[in-house]
Amino acid sequence: MSASESVSTSVSAPEPAPAPAPAPLTTAEVIERFNEVFQHHDPSGLAALVAEDCVMEGISPAPEGSRLEGAEDCVRFWAGFATDPAHSFVIEDVLVAGEVSVIRWRFLFGPGDKDYVRCVNVMRVENGLITEASGYAKTG
């Protein structure tokens, strides 16, 4: 190569490493957000909490209750329940053990002192999403 010739080399900057995916929510975080949907009558964040293959068993009709499969049906049911202005929910206790949570709550359906029913949900959370939910209630 002569003195008048130049060598051109271009070195590209290395591509930045992709940002690590955020860690999935813990069971306690998912259940807290789920409960907030019902406390605030706002289901806007509900779909982000439910796995595509979620299975939900409701309390009625007796004796076996209803069974819903898939995120779309579960979210639709819960959103309708959460946004009904005639009802409200009082969380009594939340227990979390690994992937499982037990939520004790009261479902208020009227203004009277006895216009409520006590209920329990047993829920499973895997990888930050609700995969199973079973509801149980005391009935007269």
Trainee: Pairs under 3.5 angstrom only: tabulate donor-acceptor contacts from the side chains of residues 127-136 to other protein residues two or more places apart or in another chain.
Mentor:
residue : atom : partner : partner atom : Å
T131    : OG1  : R124    : O            : 3.4
E132    : OE2  : R124    : NE           : 3.4

Trainee: With a cutoff of under 4.5 Å between side-chain heavy atoms, which Ile, Leu, Val, Met, Phe, Trp and Tyr residues group with L108?
Mentor: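 Its cluster mates, by chain and number, are V90, Y116.
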
Trainee: For a quick test of your reading: what N or O donor-acceptor pairs under 3.5 Å do the side chains of residues 41-55 make, sequence neighbours left out?
Mentor:
residue : atom : partner : partner atom : Å
H41     : ND1  : A82     : O            : 2.6
D42     : OD1  : S44     : N            : 3.1
D42     : OD1  : S44     : OG           : 2.9
D42     : OD2  : S44     : OG           : 3.4

Trainee: With a 4.5 Å heavy-atom cut-off, do I31 and M123 have their side chains touching?
Mentor: yes

Trainee: Donor-acceptor check, side chain of S101 to backbone of L95, threshold 3.5 angstrom: yes or no?
Mentor: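 Checked: pair present.
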
Trainee: Do L68 and V37 share a hydrophobic cluster (ILVMFWY, side-chain heavy atoms under 4.5 Å, transitive)?
Mentor: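 Yes, L68 and V37 fall within the same hydrophobic cluster.
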
Trainee: What pair of heavy atoms forms the shortest contact from N121 to F34, and how long is it?
Mentor: ND2-CE2, 4.3 Å

Trainee: For residues 16-30, which side-chain N or O atoms pair as donor and acceptor with protein atoms under 3.5 Å away, sequence neighbours left out?
Mentor:
residue : atom : partner : partner atom : Å
T26     : OG1  : E29     : N            : 3.1
T26     : OG1  : E29     : OE1          : 3.4
T27     : OG1  : G98     : O            : 2.8
E29     : OE1  : T26     : N            : 2.8

Trainee: Fit a plane to each ring of F89 and F107, take the angle between them on a 0 to 90° scale, and name the class: parallel (under 30°), tilted (30 to 60°) or perpendicular (over 60°).
Mentor: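 If you compare the ring of F89 with that of F107, the planes turn out tilted.
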
Trainee: If the condition is side chain to side chain donor-acceptor pair (under 3.5 Å), which residues does N35 pass it with, not counting sequence neighbours?
Mentor: none

Trainee: Would a hydrophobic clustering, with Ile, Leu, Val, Met, Phe, Trp and Tyr connected at side-chain separations under 4.5 Å, put V117 with V122?
Mentor: no

Trainee: Strictly by salt bridge (Lys or Arg N to Asp or Glu O under 4.0 Å), give each pair with a member in residues 87-97 just once, sequence neighbours left out.
Mentor: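 Qualifying pairs: E92-R106, E92-R118, D93-R104.
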
Trainee: Could you work out, with ring-ring contact (aromatic ring centres under 6.0 Å, His included) as the rule, every residue matching F109, not counting sequence neighbours?
Mentor: none

Trainee: Only pairs at least two apart or in different chains count here, so list each side chain to side chain donor-acceptor pair (under 3.5 Å) that has a residue in residues 68-80.
Mentor: R67-E69, E72-R76, D73-R76

Trainee: Quick one: are V94 and V102 in side-chain contact, heavy atoms under 4.5 Å?
Mentor: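 Contact flag for V94/V102 side chains = no.
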
Trainee: State, yes or no, whether a side-chain contact exists between W105 and F38 at a heavy-atom distance under 4.5 Å.
Mentor: no

